Amino acid sequence: MLRVYNTLSRIKEPFVPVQPTRPGEPAKVGIYLCGPTVYKPSHIGHMVGPVIFDAIKRYLAYSGYEVTLIVNITDVDDKLIAESQKRGLPMARLAAEMTADYMHNLQVLGIDAIDHFPRCTETMGEIIEFTQTLVAKGFAYESQGDVYFEVGKASGYGKLSHRGIEATQGDGGGMAERKRAGADFALWKAAKPGEPSWPSPWGAGRPGWHIECSAMSRKFLGETFDIHGGGLDLMFPHHENEIAQSEACHGKPMAKYWLHNGLMQASDEVGKVGGRSTRPHEGDLAAQEVGKISKSKGSAPFREMLAEFSGETIRFFILFTHYRRPIDYSQQRIREVETGMETFYRFFKRFERVNGASYYALNAPGRRAKGDAACSAAGSSPLLGAVAEHRARFLEAMDDDFNTGGGIGALFDLVRVLNKFVDDEKLEEPGRRTPEKLDALRNGAVMLRELANTLGLFRQPRAAEAGKESAQAGGSDELAGKLMKLLIDLRAASRKKKDFATADQIRNGLAELDIVLEDRPGGTEWSRKQR
RNA sequence: GGCGCCGUAGCCAAGUGGCUAAGGCAGCGGAUUGCAAAUCCGCCAUCGUGGGUCCGACUCCCACCGGCGCCUCCA
């Protein structure tokens with residue numbers, strides 16, 4: 001049974017979709033995640049939510065739900081206007097550029113489970129209509145071309161962030177004198193001269209910050225949907241105001257479950273993105289200043305990180321920690337999980353060596369097997385029994401509020417069991433392979449793939465692997481492949497003659513060039529050292 | 001000040017009212033190897049401090065200490 005932590009109730013609740021399941025149809029689940037304001041290149045903090053919710057959607061789909069995931073793009077906003085004026089660019093052009101940056105980052109991270117990216121500018125009609133309804137129902141009022149939501153009229157305001165109205169006295173961007181109460185917030189803002197604007201019943205203007213999410217979520221997911229997600233920092237006032245608007249408008253709950261991810265924190269010193277670590281002493285971590293990644297801290301664009309780390313590494317790094325906890329970011333931390341990931345990549349190569357076909361070509365079930373089907377199928381061999389045990393641990397962890405960190409732990413164990421099987425059965429030696437043993441290994445690997453898929457991990461061969469394959473197969477790096485073969489053959493001849501000095505000279509010389517040789521029963525393999 | 005989170009091995013990080021407290025990185029010992037690499041096996045924590053509840057707490061409650069977030073259109 002899947003359970004999720006709901007910020008509304010502050011406890012883990014059983015996950016039961018809003019829409020009743022019709023017999024013979026998969027239960028439908030709607031998820032809305034607050035996306036970026038596209039005025040600057042995204043930094044790693046912006047990627048946490050998308051990675052997590054991509055994995056959440058995958059896991060829900062695997063669990064049998066039909067999931068729709070919406071992430072909005074805020075392409076009209078005060079910061080966007082300010083930035084476009086600063087850079088002398090039309091706002092739409094700036095937004096388009098930054099949206100492209102965002103999309104590129106998502107793609108590199110392997111995030112492809114998002115169904116729609118509605119833009120604020122494309123939702124203007126719905127936003128205006130939504131605002132009109134709120135005015136008509138008496139929850140909002142016009143004031144000098146602005147429209148404000150009257151927080152005092154909303155029942156249950158503060159139920160998400162557990163705050164009283166009296167505690168919420170934002171100045172609303174210097175528009176206090178136009179508002180009836182300090183806590184009231186803008187649904188619509190009159191345009192100042194030179195600002196981008198859209199026509200409305202209250203004159204030319206643009207939407208306030210919160211209204212687009214209410215309008216978009218309703219447009220794609222309905223008045224009440226299952227999961228609303230976002231960073232912890234959005235809980236107040238953004239999500240609180242979304243709830244106020246939507247529930248005032250519809251008279252029913254906006255979302256059943258509110259999930260908030262922890263924020264990425266970084267040390268300015270060690271966590272410098274895209275550059276060399278400037279740490280003066282080893283083991284000096286305690287002296288770091290750790291703080292939230294934010295605009296004010298001037299963190300580097302995500303794109304610069306990609307020069308240092310693969311998208312999959314960053315994805316793995318994010319998933320390594322439970323989503324509700326803050327993630328302490330530093331290059332050293334990422335390097336550590338990157339080292340850990342090698343365990344998987346090496347196993348995949350090993351698997352291909354003994355199995356003859358690629359791990360990446362394995363066809364894993366996209367749906368969780370009902371009941372104990374997987375376990376009973378596994379009962380046929382001790383290996384699969386052990387694998388199934390770790391599979392169960394993985395599922396248990398994920399069922400418990402998407403505990404990806406616990407799940408990854410189970411994945412490491414699973415690989416160990418598979419490696420041990422290859423060791424014990426000496427499957428690296430071609431003569432020791434039997435169809436039964438290869439079958440068992442393959443079935444175990446299928447289970448690994450099945451689970452890793454739900455996290456969106458190890459779906460494609462790494463770029464480095466692909467490059468090397470082309471070298472070995474005579475691709476663009478053909479010469480390197482041929483030279484390597486020559487050197488390996490020379491070394492093999494030396495070893496045969498017990499001329500280990502020459503053999504070691506070759507291996508050590510190659511090591512200097514960051515090329516690693518590994519002797520195996522089936523021959524010597526070479527690979528480029530990572531980084 | 002208000003609301004809330006966190007403190008588990010050298011570092012990172014799961015988890016649990018009672019059973020061996022996952023996993024990763026680093027380290028140590030062993031198997032394997034011509035030597036390595038990789039892999040496997042083993043070792044490496046009484047869970048911030050002090051109280052309380054309980055037959056029993058690391059897990060629940062309180063206090064304290066320490067770290068952090070939000071209360072500002074920051075994911």
Side-chain angles (χ1 to χ4, degrees), chain A residues 7 10 33-37 42-50 52 71 74 77-80 158 161-164 166-173 185-186 189 208-210 229-238 241 260-265 283 285-286 290-297 316-317 320-322 324-328 330 332-333 335-343 346-347 349-350 390 393 396-397 400 403-413 415-424 428 495 498-500 503-504 507-508 511 516-520 524-525 527:
Chain A
T7 308
R10 313 259 161 152
L33 172 67
C34 283
T37 299
S42 33
H43 61 250
I44 184 171
H46 294 121
M47 297 297 129
V48 175
I52 287 159
V71 175
T74 301
D77 168 89
D78 291 0
K79 293 193 302 276
L80 213 30
S161 57
H162 294 200
R163 260 170 247 258
E166 61 284 353
T168 65
Q169 295 293 331
D171 73 354
F185 57 89
K189 296 177 171 186
W209 179 28
H210 318 293
L232 201 56
D233 52 345
L234 293 183
M235 190 170 89
F236 185 90
H238 184 54
N241 291 351
H260 288 98
N261 61 270
L263 304 177
M264 178 90 57
Q265 313 199 336
L285 290 173
V290 175
K292 180 184 166 187
I293 293 184
S294 68
K295 307 292 187 284
S296 60
K297 294 247 176 189
F316 193 89
F317 171 71
F320 202 80
T321 303
H322 183 92
R324 273 193 284 119
R325 300 198 61 186
I327 305 178
D328 211 9
S330 77
Q332 189 195 329
R333 297 279 136 71
R335 288 244 158 72
E336 283 170 9
V337 306
E338 188 177 48
T339 303
M341 286 174 82
E342 291 296 328
T343 299
R346 279 193 221 98
F347 171 74
K349 282 158 73 175
R350 191 179 204 193
H390 292 124
R393 271 180 52 220
E396 199 181 319
D400 184 10
N403 182 356
T404 54
I408 287 175
L411 256 29
F412 272 104
D413 284 335
V415 170
R416 178 179 304 112
V417 164
L418 259 20
N419 267 325
K420 187 169 166 53
F421 182 73
V422 175
D423 278 3
D424 289 350
E428 292 271 11
R495 290 178 71 208
K498 306 272 186 218
D499 177 10
F500 296 120
D504 289 347
R507 190 172 62 197
N508 294 337
V516 182
L517 292 190
E518 301 180 14
D519 298 328
R520 305 186 184 289
T524 297
E525 289 228 341
S527 61

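Since this is a predicted model, take the numbers as computed values, not measurements. In what follows, every heavy atom counts, from backbone to side chain, and hydrogens, waters and symmetry copies are set aside. In what follows, chains carry the letters A, B, and so on, assigned in the order in which the sequence lines appear, proteins first and then strands, with residues in each chain numbered from 1.
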Engineer: Quick check for you: among B:C68, B:G34, B:C74, whose closest atom lies nearest to any side-chain atom of A:Gln265?
Structural biologist: B:C68

Engineer: Please report the shortest heavy-atom distance between A:Asp400 and A:His322, naming the atom on each side.
Structural biologist: O-CE1, 4.5 Å

Engineer: Which pair of non-hydrogen atoms, one from A:Leu517 and one from A:Arg507, has the smallest distance, and what is that distance?
Structural biologist: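 Shortest heavy-atom contact: CB-CG, 4.0 Å.
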
Engineer: Does a side-chain N or O of A:Asn419 approach OP1 or OP2 of B:A38 to a distance below 4.0 Å, or not?
Structural biologist: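 No, outside the criterion.
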
Engineer: Flag the pair A:Asp423 and A:Lys420 as a salt bridge only when some basic side-chain nitrogen lies within less than 4.0 angstrom of an acidic carboxylate oxygen.
Structural biologist: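 No.
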
Engineer: Using the C1' atom in both, what is the distance from B:A9 to B:C68, to the nearest Å?
Structural biologist: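 Between the two C1' atoms, the distance is 23 Å.
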
Engineer: Which nucleotide sits closest to the side chain of A:Arg333: B:C12, B:U8, B:G34?
Structural biologist: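 Selected nucleotide: B:C12.
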
Engineer: Students often get this wrong, so: under 4.0 angstrom with heavy atoms, is A:His322 touching a base, only sugar-phosphate, or nothing?
Structural biologist: sugar-phosphate

Engineer: Which nucleotide sits closest to the side chain of A:Glu518: B:A37, B:C6, B:U39?
Structural biologist: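 The answer is B:A37, which lies nearest to the side chain.
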
Engineer: Could you check whether any side-chain heavy atom of A:Phe316 comes within less than 4.5 Å of a side-chain heavy atom of A:Ile408, counting everything from C-beta outward?
Structural biologist: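 They are in side-chain contact.
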
Engineer: Locate the shortest heavy-atom distance separating A:Thr321 from A:Thr404; write the atom from each residue and the value.
Structural biologist: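 Closest approach of A:Thr321 to A:Thr404, heavy atoms only: O-OG1, 3.7 Å.
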
Engineer: How many whole angstroms separate atom CZ of A:Arg324 from atom P of B:C70?
Structural biologist: 19 Å

Engineer: What closest approach, in Å, do A:Thr74 and A:Leu80 show between heavy atoms, and which atom pair accounts for it?
Structural biologist: O-CD2, 3.8 Å

Engineer: Just how far, in rounded Å, is C1' of B:U39 from CG of A:Asp424?
Structural biologist: 10 Å

Engineer: Using heavy-atom distances to pick each residue's nearest nucleotide on RNA chain B, tell me which of A:His162 and A:Leu517 is more 5'.
Structural biologist: A:His162

Engineer: Checking all strands, does A:Gly35 fall into the base, sugar-phosphate, or nothing category for heavy-atom contacts under 4.0 angstrom?
Structural biologist: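 Sugar-phosphate contact only - A:Gly35 comes under 4.0 Å of backbone atoms but never of a base.
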
Engineer: Contact class for A:Asp77 vs. all strands (heavy atom < 4.0 Å): base, sugar-phosphate, or nothing?
Structural biologist: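 Base contact.
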
Engineer: Tell me whether the OP1 or OP2 atom of B:U39 has a side-chain N or O from A:Lys420 closer than 4.0 Å.
Structural biologist: no

Engineer: Find the distance A:Asn261:CG to B:G69:P and express it as a whole number of Å.
Structural biologist: 16 Å

Engineer: Check A:Gln265 against A:Pro326 and note the closest heavy-atom contact, atom names and distance.
Structural biologist: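 Answer, listing the atom of A:Gln265 first, then A:Pro326: NE2-CB, 3.9 Å.
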
Engineer: What's the gap between B:C64 and B:C28 when it is taken at their P atoms, as a whole Å value?
Structural biologist: 44 Å

Engineer: Give A:Gly405 one of three labels, base, sugar-phosphate or nothing, depending on what nucleic acid heavy atoms sit under 4.0 Å from its own.
Structural biologist: base

Engineer: Could you work out the separation of B:C6 and B:G15 based on their C1' atoms and round it to a whole Å?
Structural biologist: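 Each nucleotide's C1' atom is 16 Å from the other's.
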
Engineer: Taking the same atom, C1', in B:G50 and in B:C58, what whole-Å distance lies between them?
Structural biologist: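 My reading of the C1' atoms in B:G50 and B:C58 gives 15 Å.
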
Engineer: If you look at every strand shown and take non-hydrogen atoms under 4.0 Å, does A:Asp504 touch a base, only sugar-phosphate, or nothing?
Structural biologist: base

Engineer: If the C1' atom of B:G17 is compared with that of B:G27, how far apart are they to the nearest Å?
Structural biologist: 34 Å

Engineer: Quick one: A:Asp519 CG to B:U32 P, roughly how many Å, whole number?
Structural biologist: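 Computing the A:Asp519:CG to B:U32:P distance gives 17 Å.
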
Engineer: I'd like a list of close polar pairs between nucleotides 24-28 of chain B and the protein, N/O only, cut-off under 3.5 Å.
Structural biologist:
unit_1: B:G24; atom_1: OP1; unit_2: A:Arg416; atom_2: NH2; d: 2.7

Engineer: A:His238 vs A:His210 aromatic rings, parallel, tilted or perpendicular, using cut-offs 30° and 60°?
Structural biologist: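 Aromatic pair A:His238/A:His210 classed tilted.
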
Engineer: Taking all atoms of both residues into account, what is the closest heavy-atom pair of A:Gly406 and A:Ala397, and its distance?
Structural biologist: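 That closest heavy-atom pairing would be C-CB, 3.9 Å.
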
Engineer: Under 3.5 Å, is there any donor-acceptor pair linking the side chain of A:Arg346 to the base of B:A38?
Structural biologist: no

Engineer: Taking for each residue the nucleotide of RNA chain B bearing the nearest heavy atom, is the 5' side occupied by A:Leu33 or by A:Arg10?
Structural biologist: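 In this pair, the answer is A:Arg10.
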
Engineer: OG1/A:Thr7 to CE/A:Met235 distance, rounded to the nearest 0.5 angstrom?
Structural biologist: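 Spacing of OG1 (A:Thr7) from CE (A:Met235) equals 6.5 Å.
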
Engineer: Compare the minimum distances between each of B:C71, B:A22, B:G15 and the side chain of A:Phe236, then state the nucleotide with the smallest one.
Structural biologist: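 The closest nucleotide is B:C71.
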
Engineer: Determine the Euclidean distance between corresponding C1' atoms of B:U32 and B:C41; express it in Å to zero decimal places.
Structural biologist: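 11 Å, rounded to whole Å.
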
Engineer: How many Å lie between NE2 on A:His390 and P on B:A22, as a whole number?
Structural biologist: 12 Å

Engineer: Atom CE of A:Met235 and atom P of B:G4: how far apart are they, to the nearest Å?
Structural biologist: 9 Å

Engineer: Mind checking A:Leu411 for me? I need base, sugar-phosphate or nothing, with any heavy atom below 4.0 Å counting as a touch.
Structural biologist: nothing

Engineer: Looking only at the side chain of A:Asp233 (C-beta and beyond, no hydrogens), which of the listed nucleotides B:C74, B:C6, B:A38 gets closest?
Structural biologist: B:C74

Engineer: Which nucleotide in the list B:G34, B:C6, B:A22 gets nearest to the side chain of A:Arg325?
Structural biologist: B:C6

Engineer: Taking the side chain as everything from C-beta on, heavy atoms only, tell me whether A:Met264 gets closer than 4.5 Å to A:Phe317.
Structural biologist: yes

Engineer: How many Å lie between CD on A:Gln332 and P on B:C12, as a whole number?
Structural biologist: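 Rounded to the whole Å, the gap is 9 Å.
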
Engineer: A:Arg495 near the nucleic acid: base, sugar-phosphate alone, or nothing, with a heavy-atom cut-off under 4.0 Å?
Structural biologist: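 The residue A:Arg495 makes base contact.
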
Engineer: Expressed in angstrom and rounded to an integer, what is the separation of A:Arg350 atom CZ from B:A37 atom C1'?
Structural biologist: 12 Å

Engineer: Return the stems involving RNA chain B, sorted by first number, where pairs are Watson-Crick (N1-N3 with N6-O4 or O6-N4) or G-U wobble (N1-O2 and O6-N3), both under 3.5 Å, and runs are 3 or more long.
Structural biologist: B:1-7 with B:65-71, B:10-12 with B:23-25, B:27-31 with B:39-43, B:48-52 with B:60-64

Engineer: Could you tell me which residues satisfy side-chain hydrogen bond (donor to acceptor under 3.5 Å, both in side chains) with A:Thr524, sequence neighbours excluded, listed by chain and number?
Structural biologist: A:Asp519

Engineer: P atom, B:G10 versus B:U16: distance in rounded Å?
Structural biologist: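 Taking atom P in both B:G10 and B:U16, they lie 23 Å apart.
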
Engineer: Say you pick atom C1' in B:U20 and the same atom in B:C43; how far apart are they, in whole Å?
Structural biologist: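 These two C1' atoms come out 14 Å apart once rounded.
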
